[in-house]
Participant: 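Have a look at this one.
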Amino acid sequence: QVQLVESGGGLVQAGGSLRLSCAASGRTFSLYAMGWFRQAPGKAREFVAAISWSGGLTRYADSVKGRCTISRDNAKNTMFLQMNSLKPEDTAVYYCAAAMNVDMVVAGDGDWGQGTQVSVSS
């Protein structure tokens, strides 16, 4: 199991940017595919983005494609989500996820962090 701690959330105006971070500890970070999910009030948790252990493969939800970039620094055991052109509908709690491969991350079949709140005002 890997422990995950998200940071970087906050309140931003529409059109603004935020960079979320996910710090991992426990097992070897570089062995895991990683990803981001989000959950808005009253809605189910949904996939946002995923990245393979090497960083060579990424996937994005259609709702964030072109506005968000997922990346990782294996030397620092940290993953990032750069979010640009934020919209009010991006408001949600954002969760970091880790699993053995990208398919498992996308399926939500892995370890989770506690989440960080992102709020976008119109």
Side-chain angles (χ1 to χ4, degrees):
Q1 190 174 11
V2 61
Q3 288 74 49
L4 305 169
V5 178
E6 302 93 337
S7 62
L11 175 63
V12 63
Q13 288 187 330
S17 299
L18 279 175
R19 189 192 197 203
L20 305 184
S21 299
C22 174
S25 61
R27 297 207 173 170
T28 305
F29 174 76
S30 60
L31 295 179
Y32 285 81
M34 304 288 294
W36 292 95
F37 284 70
R38 66 186 182 185
Q39 187 167 19
K43 295 187 177 181
R45 190 174 296 189
E46 65 174 3
F47 167 74
V48 175
I51 187 167
S52 62
W53 67 270
S54 68
L57 172 66
T58 57
R59 290 188 192 171
Y60 296 92
D62 288 343
S63 58
V64 303
K65 200 171 293 182
R67 299 189 297 120
C68 293
T69 303
I70 190 170
S71 61
R72 64 190 295 163
D73 184 341
N74 287 343
K76 296 182 178 180
N77 288 3
T78 306
M79 178 187 60
F80 308 96
L81 183 69
Q82 178 67 44
M83 303 188 295
N84 301 322
S85 302
L86 282 162
K87 305 175 182 180
E89 51 262 44
D90 294 317
T91 295
V93 177
Y94 283 69
Y95 296 91
C96 174
M100 294 308 297
N101 56 61
V102 169
D103 287 338
M104 290 180 66
V105 170
V106 174
D109 184 13
D111 298 321
W112 297 92
Q114 294 301 305
T116 185
Q117 176 71 47
V118 171
S119 299
V120 184
S121 63
S122 57

Participant: With rounding to the nearest 0.5 Å, note down the distance linking CZ in Arg72 to OG1 in Thr58.
Facilitator: 12.0 Å
Participant: Are Glu46 and Phe37 side-chain neighbours, meaning at least one heavy-atom pair lies under 4.5 Å?
Facilitator: no
Participant: Would you say the side chain of Val120 lies within less than 4.5 Å of the side chain of Lys87, judging by non-hydrogen atoms?
Facilitator: no
Participant: With a 4.5 Å heavy-atom cut-off, do Trp112 and Cys96 have their side chains touching?
Facilitator: no
Participant: Restricting to non-hydrogen atoms, name the atom on Ala14 and the atom on Ser122 that form the minimum distance, rounded to 0.1 Å.
Facilitator: CB-CA, 4.3 Å
Participant: Given side chains that start at C-beta, do those of Met83 and Val118 come closer than 4.5 Å, heavy atoms only?
Facilitator: yes
Participant: How long is the straight-line distance from OG of Ser30 back to CG of Asp73, given to the nearest 0.5 Å?
Facilitator: 11.0 Å
Participant: Can you tell if the side chain of Trp53 reaches within under 4.5 Å of the side chain of Asn101, non-hydrogen atoms only?
Facilitator: no
Participant: Identify the two heavy atoms, one from Met104 and one from Ala99, that lie closest to each other, and give their separation to 0.1 Å.
Facilitator: CB-CB, 3.7 Å
Participant: Got Leu20 and Arg38 here, is their nearest side-chain heavy-atom distance under 4.5 Å?
Facilitator: no
Participant: Could you point out which residue of Thr116, Thr78, Leu81 forms a side chain to side chain contact (heavy atoms under 4.5 Å, CB included) with Ser21?
Facilitator: Thr78
Participant: Any side-chain heavy atom of Phe80 sitting closer than 4.5 Å to one from Arg19?
Facilitator: yes
Participant: Quick check for you: to the nearest 0.5 Å, what is the distance between Asp109 atom CG and Asp103 atom CG?
Facilitator: 11.0 Å
Participant: Atom OH of Tyr60 and atom CZ of Phe47: how far apart are they, to the nearest 0.5 Å?
Facilitator: 9.0 Å
Participant: Can Trp36 be reached from Val12 by stepping across I, L, V, M, F, W or Y side chains whose heavy atoms are under 4.5 Å apart?
Facilitator: yes
Participant: Roughly how far apart are Met34 CE and Ile51 CD1, rounded to 0.5 Å?
Facilitator: 9.5 Å
Participant: Please tell me if the side chains of Thr91 and Gln117 come closer than 4.5 Å, counting only heavy atoms from C-beta onward.
Facilitator: yes
Participant: Hey, is the main chain of Gln1 close enough, under 3.5 Å, to the side chain of Asp111 for a donor-acceptor pair?
Facilitator: no
Participant: Is Tyr95 linked to Tyr32 within one hydrophobic cluster, defined over Ile, Leu, Val, Met, Phe, Trp and Tyr using a side-chain heavy-atom separation of less than 4.5 Å?
Facilitator: no
Participant: If every non-hydrogen atom of Ala24 is compared with every non-hydrogen atom of Leu4, which pair is closest and at what distance?
Facilitator: CB-CD2, 3.8 Å
Participant: Would you compute the distance between atom CD of Gln114 and atom OG of Ser7 and round it to the nearest 0.5 angstrom?
Facilitator: 13.5 Å
Participant: Under 4.5 Å between side-chain heavy atoms, counting indirect links through other Ile/Leu/Val/Met/Phe/Trp/Tyr residues: same cluster for Ile70 and Leu57 or not?
Facilitator: no
Participant: Could you go step by step and tell me if Val105 and Arg59 meet the side-chain contact (heavy atoms from CB on, under 4.5 Å) rule?
Facilitator: CA-CA 10 Å; Val105 170; Arg59 290 188 192 171; over 6 Å; no
Participant: Membership question, hydrophobic clusters at under 4.5 Å side-chain separation (ILVMFWY): are Val64 and Val93 in the same one?
Facilitator: no
Participant: Identify the heavy atoms of Ser17 and Gln82 that sit nearest to each other, and give their distance.
Facilitator: CB-NE2, 3.9 Å
